[in-house]
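What follows is a single structure, written as structure tokens, with notes after it.
Numbers restart at 1 for each chain; the letters A, B, ... are given by sequence-line order, proteins then strands. These numbers come from a predicted model, not from an experiment. All heavy atoms count here, side chains included; hydrogens, waters and symmetry mates do not.
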2 protein chains.
Amino acid sequence: MSAAKTARERVRAEMVREITDIARTHLARDGAAGLSLRAVAREMGMASSAIHRYFATKDDLLTALILDGYNALGDAAEASQQGQDPTGRWLALCHAVRDFALARPHEYALLYGSPVPGYQAPRDTVAPAMRTTLVYGRIIADARPVSPVAATPPAAIGPDLDALRSVMPGVADEVVIPAVTAWTALFGAVSFELFGQFGDTITHRREIFDAGMRSLARYLGL
Amino acid sequence: MSAAKTARERVRAEMVREITDIARTHLARDGAAGLSLRAVAREMGMASSAIHRYFATKDDLLTALILDGYNALGDAAEASQQGQDPTGRWLALCHAVRDFALARPHEYALLYGSPVPGYQAPRDTVAPAMRTTLVYGRIIADARPVSPVAATPPAAIGPDLDALRSVMPGVADEVVIPAVTAWTALFGAVSFELFGQFGDTITHRREIFDAGMRSLARYLGL
DNA sequence: CAGAAAAGAGAGCAGTGCTCTTGACGAGCG
DNA sequence: CGCTCGTCAAGAGCACTGCTCTCTTTTCTG
């Protein structure tokens, strides 16, 4: 990349950046379903038809936003890992995910909420999505769950355990299942809070989240 | 209910039922955002304007579907509790939730996925939503988490603990946080599986879910 | 049976994604 | 230098959407 190609390509890249920026503000206000190509075009002062030169379809624009979102979360997740002990890194990761979700709720919903109907994520979203998971994999490497929590999983799921281990290398069989469960608990907690499942029964959301994640750290034996 | 009122009211109730039934099939195919009053009206052979006599707005139709969904899940959750031991009841509840989600994915997404933009759930959805939670509250009543998992929560969140205890009566302070965390883990696991976060790395989804929920049962000390 | 209430039909408004065609501009080549 | 060709913008148009308003038809009730 770089190495200023033709002037045309430079202005085109700038247009794409401006479109995604505007789209992100619309996303933050109206959500994925309310995102409108025409509205973005209007805000840019161009005809509704012209925007299709940059993003052929609405799904393409959505894909760009999803990629940006995964990368922003991946950045935050990696930046949170400042050489602490495993528990500290786990808590930092949890709060990085939660902070991202609270700061950019519609982007979080785009990544981890219900899939947009009719939209099929292309292959190249997988790698950016994996970045955050890999941060977790490095934390979980030295987890030692206490005996009652860990249990040798049924033999039938051996191949799946190996597949899951590809994101958390060197993890023992009895640890894989608790590790996956804690990972889903993190996103379940964030989604519950963000999507309003707690209603208004909870006021100290951050503290309760923190206590839950600490409890999971003990569950994982970090 | 009952006591056949006027014949008009009978046919009206039947119309409402038919509309929601058709809407449910459309929801299953196109998701909440793709739900179209006009399409439902078309399938019923009536003018697009006439359907507003039964559901004034699209949100009203959505509310009816959400209420039906919560009640269907609540039915399944309650039916799953056939006087077993706590662990058995917990696992039965988990699988009831997962089975519901797999059987009616778009309805699950409507209940527990990203909120529909611009839609605000009315008050009367709270009670049906609580039904499933209350089933969980009865299970958790005799949880005894092992010492490393439980921990006395910070004093500041005392009022929140009381609020949370309203759905799980008689639960000790150290148990509330793990109980909430396990509850979010359940829905996190179901959402991850349903929303495709696992990609195609996992084949024995049911077995892995089951192993995770068993692990949570030990975490909770059921 | 007559009047009132409910239900349906149709037109219309403002918005959407997306396509096709037409016209303008600029960069590179003979 | 002149000319071609790819890129871009714009406009019109299609098939949708939710929702409102008016008008007519049906149906129930006093």
Met15(B) near the nucleic acid: base, sugar-phosphate alone, or nothing, with a heavy-atom cut-off under 4.0 Å? sugar-phosphate

Short side-chain N/O contact to dC28(D) OP1/OP2 from Arg12(B), under 4.0 Å: no

What residues form a side chain to side chain donor-acceptor pair (under 3.5 Å) with Thr203(B), not counting sequence neighbours? Asp160(A)

Describe the nucleic acid contact of Leu61(A) in one word from base, sugar-phosphate, nothing, applying a heavy-atom distance below 4.0 Å. nothing

Any idea which heavy atoms bring Asn71(A) and Pro128(A) closest together, and the distance? OD1-CB, 3.7 Å

Lys/Arg-Asp/Glu bridge criterion (N-O < 4.0 Å) met for Arg17(A), Asp21(A): yes

Can you tell me how far P of dG15(C) sits from CD of Glu43(A), to the nearest Å? 15 Å

Sequence neighbours excluded, the answer for side chain to side chain donor-acceptor pair (under 3.5 Å) partners of Arg205(A) is none

Taking CG from Asp30(A) and P from dG15(C), how many angstroms apart are they, rounded to a whole number? 14 Å

For Ser49(A), answer base if it contacts any base atom (sugar-phosphate contacts may also be present), sugar-phosphate if it contacts only those atoms, and nothing otherwise; contact means non-hydrogen atoms under 4.0 Å. base

Just how far, in rounded Å, is P of dG8(C) from CZ of Arg42(B)? 17 Å

Please state how far atom CZ in Arg38(B) lies from atom P in dA14(C), giving the value in whole angstrom units. 15 Å

Nearest heavy atom decides the nucleotide; on that basis, is Met46(A) or Ser36(B) closer to the 5' end of DNA chain D? Met46(A)

Between Arg214(A) and Asp210(A), is there a salt bridge with N-O shorter than 4.0 Å? yes

Rounded to whole angstrom units, what separation is found between the CG atom of Leu35(A) and the P atom of dC18(C)? 11 Å

Determine the contact category for Ile51(B): base if any of its heavy atoms lies under 4.0 Å from a base atom, sugar-phosphate if only primed atoms, P, OP1 or OP2 are that close, otherwise nothing. nothing

Looking at DNA chain D, which of residues 53-60 of chain A put a heavy atom within less than 4.0 Å of it? Arg53(A), Tyr54(A)

Please state how far atom CG in Leu62(B) lies from atom P in dC19(D), giving the value in whole angstrom units. 11 Å

What is the distance, to the nearest angstrom, from the CZ atom on Arg10(B) to the P atom on dA6(C)? 19 Å

Starting at CG of Leu67(B), measure out to OG1 of Thr125(B) and round the result to the nearest 0.5 Å. 6.5 Å

Write down the distance between NE2 (His52(B)) and P (dA6(C)), rounded to a whole number of angstrom. 19 Å

Closest approach of Thr20(A) and Ala64(A), non-hydrogen atoms and distance? CG2-CB, 4.2 Å

